[in-house]
Structure formats: structure tokens, C-alpha cells
Amino acid sequence: MSGAAPRLGDDEDLQIVLETAMDAVIVMRSDGSVHRWNGAAEAMFGWSAAEAVSRNMGDMIIPPQYREAHARGLKHYLETGEGPVLGQRLELSAIRRDGSEFPIELSIRALKARDAPVFLGFIRDITAEKAEEERLETQAQEARLLHRVASLAAESASTDEVLHTCLEAVCELTGWPLGHAFIPDTNNPGRLKPTGIWAGSESGFEAFRETTAKTTLAHGEGLPGHVWKTGEPRWIDDLETHPEFVRIRDAGPLGVRSGFAFPVRAETRIVAILEFFSQVREAPDPRLLLTAQTIGDQAGRVLERRQASDRQELLLAELNHRVKNMLAVVVAIASQTARSATDLGQFNETFSARLQSLSATYGLLTKGNWESTPLTDLIDAVVTPHAGEGRLTADGPPVRLAPRAALALSMVLHELSTNAVKHGALGAPAGKLSVSWTPCRDETGQRIMLDWTESGMKIAGPPERRGFGVSLIETSVQHELGGRAEMNYKPAGLAVRIEFPQPYR
């Protein structure tokens, strides 16, 4: 603003303005001292009118970093009559008597007085307005960041990408310079391991990043371990003196002062601990921690959807694989049965029995979600129906079989059972059958030794003709189980020993 300043009359005119204005009003002389100071100014700044009048206004209400610019502007106006800030509504910072800084809206007018110009300033405290603006901006920023994390679900992002985006979002929201992800170590249960997933600044944190890369943490150990154990966010305002922060305890100062961490859950499991660090001491901020956790929860939901999609794809692929395998087995059984059958009736009987045994095994595997099947359940499903009351003894420690091994062994047990009914102990009035198994170990590792022992009958020796059943037993044990079968035709009945690697413990 330039040109002649408007004239204000006597001090009586100033007094009217001071008394009727709702804002704080300060009248400043051309030398920078206070000429008038109303009651609203007393309440706003903490100085009484008697204390303020004749004191330098800049020293009382202008923050130190802006005082030099204020002095230059005043001098420039007095020399040239030009004042760019005059007549404008300005948003500035001011200080109270106690030194606290706060935002104000300021409007200044230059007035002609009797001897020299004076400057009339109207001041409004806009702390509440700025806080509301900040709140709304924070909410908008939170919404943008949550949308950014949520959109990863549609992008088929990997777990690493989701965690990295979450780290970046929290660093952006909080202004903290560094974020990192720990994850549970699947090869070492009960411990967290560091990842290469970082966000934020790379400079100034070299020693800390190097130490973190070599740090694993037990359940409940350190900041991430504590979060892992409790499932709750955690804030440490002074890492250098806190005994819980083991990285500084073990390696010394690392350039970080405050830190907080929170869990990321997917389907009730904690899949990651996200930690954040500042180089200055920061007092705990519950709202910030809650907001950060909200972003982490959103990341967890994205990972849940990602895992569900992965499981669906895996199940479809597994179903396709199993159907093809089952059809291949059925075709092989049909082909081999047809070769050994003398007529259609015999084929139907033998083929149906083998399919029923195969079906029973599939039922057991489905019941166990195709993860493993107890050997005792397999014997109950395949052998027991052929044995009848009191003729079968099954004995051995708990052993679980992987799906492929269970299918192969079920075919072997079925062939042995049908052979025992037709030609062996289960077809003799006093015949008995014992099935026992024992885990053992040799140079190849853990194995299962299964003995099939028939008794209560008399046989002359091995059969004259080698049938399909014997071929199926030997082929299944060798190629499907990776083991070996030994068949001995003793006078009291057939004895079979089958050894194969233990496929599931």
C-alpha cells in the first residue's frame, strides 16, 4: 500500500476503536513502540496495557525469527511510503508473554497522527481454525493413504509390496523418517527376522539399518518382539535409555531416539511387525498410533484377500492334479484287472472292490484336508472290513502318511486283504492276521517297517502263477512309496515286510 495514510483524529477517536473492536487492537508508533493496547490484546498476549505501552511491540509479540523482517518493513515504509502488507489480511505467527507461539490473522492500517504516522493493527487468534483445518487435512490424508493401501488388492500386489506401501503411508502421514518390517521366521518358529523392506530416508541411518539386518528377536524381545507377544501397538519415547530396545543395548548409539511399532494381522495371525523411528525424542501420541494402526489393519485386510485368492488358485490347481491322478489310477486298475480276469463277472467283482478301497482312502484324505492320514485309520478303512470280528490285530506307534503314500499303501493293503480272503488266513476258519509297524532309521533317514503276518493255516509254498495283485504290490511299494517289499510264504501263512521312507511325521 502506498500514498498518504488516512487521518485519524485525536486520541479520543483511537479510544473509540479500541473499546468497540472485538479483536485485539494494537496501535504502534513509527519507532516500533506501543501507543495503545486494548483489553482483547491483554487477554490474547498476556501483557497488561500498562506493561505494554511504550515497549517495543516486536519484542513482545513477534517471534524472534521474524523480528528483523518486521524492522526492515517498517523502515522501508517510513522512507518510501510503500507498505505491501498494509490493508491485507495476513496469517502470521505471534508469541504470548509465556513464549508460546500461535497463529493469528493480522490486518494493518497506517494512520496520520499529529506528529508522525501510527499503525493500527487488528489481530484475531485463529488457533481453533487452524486446528480444524489441520484435522480435516489429516482426515483427508488418512483417507488417501488408506485408499492407496486398499487399491493394492486389485493390483494383485505381493506381501512385500503391501508392507512397503504401508510403511511409506505411515511415514508420509506421521512425518517420521524411517520405517521397517519384521516378519515371523518360518524356519525358526518363535523368532522374528528382519526384512529388506524399508521406507523413508536412507541417509543418517546407515548404522541402524546395518544392525537391524543382523538382528533376530525372540517372542517378547525388543520393540517388535513385544508387539508380537501382546498384539498391541507400542511406543518408546527414548530408545537410548530404554532397556527393551536391544539393538542400542547391544550395538550402542545408532542415530534413532524414538520409535513405535504395531502388528499387521491377516486372518487373526500376525504376519508382520511394522516399526518406525525418529532422530528426535517424540512424546507418545495415542491418536497418531491409532491412525497408523488403522493403516496396518487395512494392509492386513488386503493380505487376507490376497491369501484367499492364492488359496483358491492353489486349490483349483490341486483339484485338477488330483482328478487327473485319480483317473490315471482308475484306468491302470481297470487295465490290469482286465488282463487277469477270466470273464466279465470276475472283472466286475475285482474292479469294483479295488475302486471301493480307493474311494475309502480318498474319503480319509478329504477328511484330513489332504494334509495327512493316520496309518491306523487307513487300516480300519481298508483291511478291517475284510477281517471280521476278532481276527485282526493292528499294533504300532502313531504314524501319519502324506496323501501320495496313503493312496499307494491303501492299494497294497487292499490287494493283501483280498488275497488273504481268497487264498490266505482270512479265508481259513482259524486264520488270524497281524499288521504291525515300527519307525526305524538307516543311512537314508527315517523309515517305516510294516509287517503283514498271516497265521492259523497251512500253505505248501508260493503260488504257481504270479498274479496282478503281487505285481501291483511290488510296483506300488517301489515306485510310489520309494521302498521295497519282501514276500515270504511260510507254512503257517503269508508274511510280508514292507519298508519305505516315512513321508510324514
Side-chain angles (χ1 to χ4, degrees), residues 329 332-333 335-342 346 349-351 353-354 357-358 360-361 375-376 378-388 391-396 399 401 404-442 444 446-503:
V329 171
I333 292 173
S335 176
Q336 295 294 339
T337 304
R339 290 180 190 176
S340 59
T342 58
Q346 184 186 11
E349 179 183 354
T350 305
F351 183 62
R354 286 169 176 161
S357 175
L358 184 66
T361 305
L375 178 53
T376 52
L378 197 64
I379 292 171
D380 287 342
V382 177
V383 182
T384 300
H386 296 280
R391 305 184 71 181
L392 170 64
T393 301
D395 182 58
V399 169
L401 302 175
R404 180 174 177 176
L407 285 171
L409 190 58
S410 73
M411 298 305 299
V412 171
L413 294 175
H414 172 75
E415 294 304 318
L416 289 172
S417 298
T418 55
N419 181 74
V421 170
K422 293 179 180 179
H423 311 292
L426 298 182
K432 299 282 187 179
L433 172 61
S434 170
V435 182
S436 62
W437 58 92
T438 306
C440 58
R441 180 176 289 276
D442 62 13
T444 64
Q446 191 76 8
R447 300 175 69 82
I448 297 295
M449 182 171 64
L450 185 146
D451 286 308
W452 174 284
T453 306
E454 299 178 28
S455 61
M457 58 176 295
K458 293 182 179 181
I459 60 174
E464 295 180 1
R465 186 173 66 88
R466 181 184 177 88
F468 167 66
V470 174
S471 297
L472 188 147
I473 291 170
E474 292 178 345
T475 300
S476 296
V477 171
Q478 180 180 356
H479 296 292
E480 298 299 320
L481 291 175
R484 58 181 179 267
E486 179 183 333
M487 305 182 72
N488 295 311
Y489 295 88
K490 298 181 179 180
L494 176 66
V496 182
R497 170 162 289 183
I498 300 171
E499 289 189 34
F500 57 95
Q502 184 169 358

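Numbers here simply count residues along the sequence, with the first being 1.
- By the salt bridge (charged side-chain N to carboxylate O under 4.0 Å, His left out) test, R447 pairs with D442, E499, sequence neighbours left out.
- Distance CE/M411 to CG/L416: 11.5 Å, rounded to 0.5 Å.
- G456 and A428 get closest at one heavy-atom pair: O-CB, 4.3 Å.
- Of the candidates V412, I473, V435, V435 is the only one forming a side chain to side chain contact (heavy atoms under 4.5 Å, CB included) with W452.
- For the pair S476 and A408, the tightest heavy-atom approach, listed with the atom from each and the gap, is CB-O, 4.2 Å.
- Side-chain contact between L433 and R391 is absent, with no heavy-atom pair separated by less than 4.5 Å.
- With sequence neighbours excluded, the residues that form a salt bridge (charged side-chain N to carboxylate O under 4.0 Å, His left out) with D451 are R497.
- For the pair I448/L481, no side-chain contact is recorded, criterion being any heavy-atom separation below 4.5 Å from C-beta on.
- How far CD of Q478 is from CD1 of I498: 13.0 Å, rounded to the nearest 0.5 Å.
- A394 and I379 make their closest contact through CB-CG2, 4.4 Å (heavy atoms, listed as atom of the first residue, atom of the second, distance).
- In this structure, the separation between CD on E454 and OG on S434 is 10.5 Å, given to the nearest 0.5 Å.
- When atom types are taken as modelled, the side chain of T418 and the backbone of E415 share a donor-acceptor pair closer than 3.5 angstrom.
- The nearest pair of heavy atoms linking S410 to V382 is O-CG1, 3.7 Å.
- When every heavy atom of S455 is checked against every heavy atom of A425, the shortest pair comes out as O-CB, 3.6 Å.
- Between L409 and L375, some side-chain heavy-atom pair lies under the 4.5 Å cut-off.
- For the side chain to side chain donor-acceptor pair (under 3.5 Å) test, residues two or more places apart in sequence or in another chain that qualify with N488 are E486.
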